[in-house]
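Here's the structure we're looking at; comments come further down.
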Amino acid sequence: IAYDSRLSHQGDLFIALRGRRTDGHKHLHEAFKRCSGAIISDRNVSVPYDPKNKTVILVKDTRHALLQIGRYLREKYDIPFIGVTGSSGKTTTKEMIAAILSENLYVFKNEGNLNTEIGIPVALANLTKKHDVGVVELAMQARGEIRDLAKLIRPRVAVVTNVGPAHIEFLKTIENVA
């Protein structure tokens, strides 16, 4: 799954997402040139390149479609997940838990900044039947995001490292962060 046309590869599913800085729909032609296998768009797409073996899936809302794909990928494998969140220390805690568990289990974990409503569904594309357990870092910038991400990954164990003034510019108070 790709949402940045510059990182799209042969056979990828490219999802045209709107962000604060750009709109993925502006880069559909680039994604096709880079050989994305299919594109999910919420607009009709005209492609001046050879459309053979190219699929465009038209949806109402690409962000919602990405979450639905993530939900499907998570439900495909009935393994326990651990969700890690907090104002700081999330990545280190996730990495420590994954390292300890990997002594005896094959561990799925989200890499880098794939810890948001966009990143977690993308990361779940790497989940396989070989995995015994998942350890996922969850990030937020608005109220309700952790709840929504938890509904997506369905953790059996939740770890909250701490509650502090992170993202206070979006959430306004420590109580809202909590």
Could you tell me whether D42 and R18 make a salt bridge, using a distance below 4.0 angstrom between a side-chain N and a carboxylate O? yes

Do the side chains of K129 and D78 get close enough for a salt bridge, i.e. N-O under 4.0 angstrom? no

Quick check: are there more than 12 heavy atoms from other residues, nucleotides or ligands sitting under 6.0 Å from CZ of F170?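 Counting other residues, nucleotides and ligands, CZ of F170 exceeds 12 neighbours.
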
For T91 and E137, does a side-chain donor sit closer than 3.5 Å to a side-chain acceptor? yes

Are the side chains of [X] and [Y] in touch, meaning some heavy atoms are under 4.5 Å apart?
| X | Y | result |
| --- | --- | --- |
| T55 | I39 | no |
| M140 | T85 | no |
| I97 | T93 | yes |
| S87 | T161 | no |
| I1 | I15 | yes |
| L67 | E117 | yes |
| V84 | I82 | yes |
| E111 | K109 | yes |

Using the rule that Ile, Leu, Val, Met, Phe, Trp and Tyr join whenever any side-chain heavy atoms are under 4.5 Å apart, tell me whether I120 and V107 fall into a single cluster.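 No, separate clusters.
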
According to a 4.5 Å side-chain heavy-atom criterion applied to Ile, Leu, Val, Met, Phe, Trp and Tyr, with indirect links allowed, do L101 and L124 form part of one hydrophobic cluster? no

Between N162 and S88, is there a donor-acceptor pair closer than 3.5 Å when you use the side chain of the first and the backbone of the second? yes

Okay, side chain of K90, backbone of G86: is any donor-acceptor separation there less than 3.5 Å?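 The answer is yes, because a donor-acceptor pair under 3.5 Å joins these two groups.
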
Mind running side-chain contact (heavy atoms from CB on, under 4.5 Å) on I174 and V163 for me, showing each step along the way? CA-CA 7 Å; I174 293 289; V163 175; 4.2 Å; yes

Do R74's NZ or CZ and the ring of F81 fall within the cation-pi criteria of under 6.0 Å and 45°? yes

Working note: I146 + D148, criterion side-chain contact (heavy atoms from CB on, under 4.5 Å); need CA distance, chi angles, decisive distance, verdict. CA-CA 5 Å; I146 297 299; D148 295 343; over 6 Å; no

Hey, what do you get for CG (L73) to CG (N126), rounding to the nearest 0.5 Å? 9.5 Å

Mind checking the OG1-CD1 spacing from T62 to I57? Nearest 0.5 Å is all I need.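 Taking OG1 in T62 and CD1 in I57, the distance rounds to 12.0 Å.
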
Please assess V136 against L138 for the test side-chain contact (heavy atoms from CB on, under 4.5 Å), listing each intermediate value before the final yes or no. CA-CA 6 Å; V136 177; L138 311 172; 3.8 Å; yes

H131 and F108 aromatic ring geometry - parallel, tilted or perpendicular at 30°/60° bounds: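 Perpendicular, since the angle between the ring planes exceeds 60°.
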
Check the pair I40 / F14 against side-chain contact (heavy atoms from CB on, under 4.5 Å), numbers first and verdict last. CA-CA 6 Å; I40 293 181; F14 178 80; over 6 Å; no

